[in-house]
Amino acid sequence: MGRSSRVNLDRDALAGPALDVAPLLLGAVLVSEVGGVRVACRVTEVEAYEGAQDPASHAFRGPTPRNEVMFGEAGHLYCYFVYGMHWCANVTAQQAGTAAAVLLRAAEILDGEPAARARTRTATPPGKLASGPARLARSLGLTGSHTGLDLLAAGSPVRIAELAPPGEYLTGPRVGVAAAAEHPWRFWLPDAPSVSAYRPGGRRRAGRTRQTGQP
DNA sequence: TTGTCGATTGAG
DNA sequence: TCAATCGACAAT
């Protein structure tokens, strides 16, 4: 075909390391028809999570019922529950047998904003409805029940509609991640208002006495 | 079976 | 800066 503004969307493109797949997903259009409501968004920020080599990955310690889908075929949805109240969504990468996933951290709503707004806090500013992984998942109505969905299947209620041509992007350390914090495995589009703010990882220490650390 | 901690968010 | 809130998983 002639010069298409889109990139061929085939599973092989997603079947590599998360580090390679993550930038591919920047600018991708994601469509959700969960609950009979259509919400479309454009991905602006992602993070790569590998398998056995990545201590911050859910798959680091091998397969479990929760992370099973990460070990499957690329291009499927992996949603996990965190902090007792939030869902976050990933796109699986690598070939079957090897774990990897790309966390969807932020997006801008292209279509169905009223529906997205209805799902999120009414106080959320318009451009920030899908800013942050939990808000992104909530805007699209994604929960653990959607884990395993094939994002490349035409009939899937959640799917990747198109990939954007490779473009400029920035990288930095992953947000809220303590392990392997030195790796710049977060990718985002420049000048995207929806991109979330960086926050270093690290656990809160219980009973941390007034450790001001100040002289 | 128990305890710790988390790929976050929003309020104070 | 901190509480909310509960599932996963490692350690008993």
Side-chain angles (χ1 to χ4, degrees), chain A residues 17-19 21-23 25-26 30 43-71 76-94 99-107 109 116-148 171-188 193-214:
Chain A
L19 269 178
V21 175
L25 291 176
L26 288 177
L30 205 61
V43 177
T44 58
E45 179 189 1
V46 296
E47 276 174 5
Y49 287 86
E50 304 290 356
Q53 333 81 268
D54 183 1
S57 172
H58 288 173
F60 181 58
R61 295 168 195 278
T64 69
R66 176 176 70 154
N67 66 24
E68 185 181 12
V69 68
M70 281 184 71
F71 288 82
H76 290 252
L77 187 64
Y78 168 46
C79 293
Y80 68 89
F81 190 59
V82 74
Y83 292 115
M85 61 191 91
H86 300 300
W87 290 97
C88 296
N90 294 252
V91 177
T92 63
Q94 281 288 15
V102 176
L103 172 69
L104 303 174
R105 281 201 59 89
I109 305 293
R117 170 165 299 284
R119 286 170 171 149
T120 57
R121 305 257 164 160
T122 52
T124 308
K128 298 278 189 180
L129 280 176
S131 178
R135 278 189 293 239
L136 187 156
R138 199 164 50 174
S139 290
L140 299 184
L142 304 180
T143 70
S145 68
H146 304 108
T147 284
T171 70
R174 295 176 289 189
V175 175
V177 170
E182 69 280 8
H183 295 130
W185 288 354
R186 174 184 179 223
F187 305 76
W188 66 94
S194 54
V195 170
S196 51
Y198 177 68
R199 214 184 74 75
R203 46 182 109 133
R204 302 185 294 155
R205 292 142 68 159
R208 122 185 180 203
T209 59
R210 143 190 20 154
Q211 176 205 352
T212 59
Q214 304 162 31

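What you see is a predicted model, and the numbers here were worked out from it, not measured in a lab. The chains referred to below are lettered A, B, ... by the order of the sequence lines, with proteins before strands, and numbering in each begins at 1.
- Residues meeting the side-chain contact (heavy atoms from CB on, under 4.5 Å) test with A179(A), sequence neighbours left out: P55(A), A56(A).
- With sequence neighbours left out, the side-chain contact (heavy atoms from CB on, under 4.5 Å) criterion links P184(A) to T171(A).
- With sequence neighbours excluded, the residues satisfying ring-ring contact (aromatic ring centres under 6.0 Å, His included) with H183(A) are W185(A).
- In this view, E45(A) and R105(A), R186(A) satisfy the salt bridge (charged side-chain N to carboxylate O under 4.0 Å, His left out) rule, not counting sequence neighbours.
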*Based on Watson-Crick and G-U pairs with both distances under 3.5 Å, what dot-bracket line describes DNA chain C 5' to 3', crossing pairs as [ ] and inter-strand pairs as |?*
||||.||||||.
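- The backbone N or O of C79(A) sits less than 3.5 Å from a side-chain atom of T147(A), completing a donor-acceptor pair.
- No donor-acceptor distance shorter than 3.5 angstrom exists from the side chain of S196(A) to the backbone of G132(A), with no hydrogens or angles considered.
- Every side-chain contact (heavy atoms from CB on, under 4.5 Å) that A18(A) has, sequence neighbours left out, goes to A48(A), E50(A), A100(A), V102(A).
- The closest donor-acceptor contact from the side chain of D54(A) to the backbone of G51(A) lies at 3.5 Å or more, if one exists at all.
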Below 3.5 Å is the cut-off: list the nitrogen or oxygen pairs between protein and nucleotides 2-4 of chain B, distance only.
none

Taking only distance into account, with no hydrogens and no angle test, what donor-acceptor pairs under 3.5 Å do side-chain atoms of residues 81-92 of chain A form with protein atoms, sequence neighbours excluded?
unit_1 : atom_1 : unit_2  : atom_2 : d
N90(A) : OD1    : L103(A) : N      : 3.4
N90(A) : ND2    : Y78(A)  : O      : 3.2
T92(A) : OG1    : E73(A)  : O      : 2.9
T92(A) : OG1    : G75(A)  : N      : 3.2
T92(A) : OG1    : H76(A)  : N      : 2.9
T92(A) : OG1    : H76(A)  : O      : 3.4

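- Applying a 4.0 Å cut-off to non-hydrogen atoms, the residues of residues 78-88 of chain A that approach DNA chain C are F81(A), Y83(A), G84(A), M85(A), listed by residue number.
- P17(A) places a side-chain heavy atom less than 4.5 Å from the side chain of Q94(A).
- Listed in residue order, the members of residues 50-61 of chain A having a heavy atom less than 4.0 Å from DNA chain B are A56(A), H58(A).
- Applying the side chain to side chain donor-acceptor pair (under 3.5 Å) test to residues at least two apart or on different chains, none of the pairs has a partner in residues 117-127 of chain A.
- Taking atom CG of L104(A) as the reference point, atom C1' of dT8(B) lies 15 Å away to the nearest angstrom.
- Take S57(A) and apply the side-chain hydrogen bond (donor to acceptor under 3.5 Å, both in side chains) test, not counting sequence neighbours, and it matches no residue.
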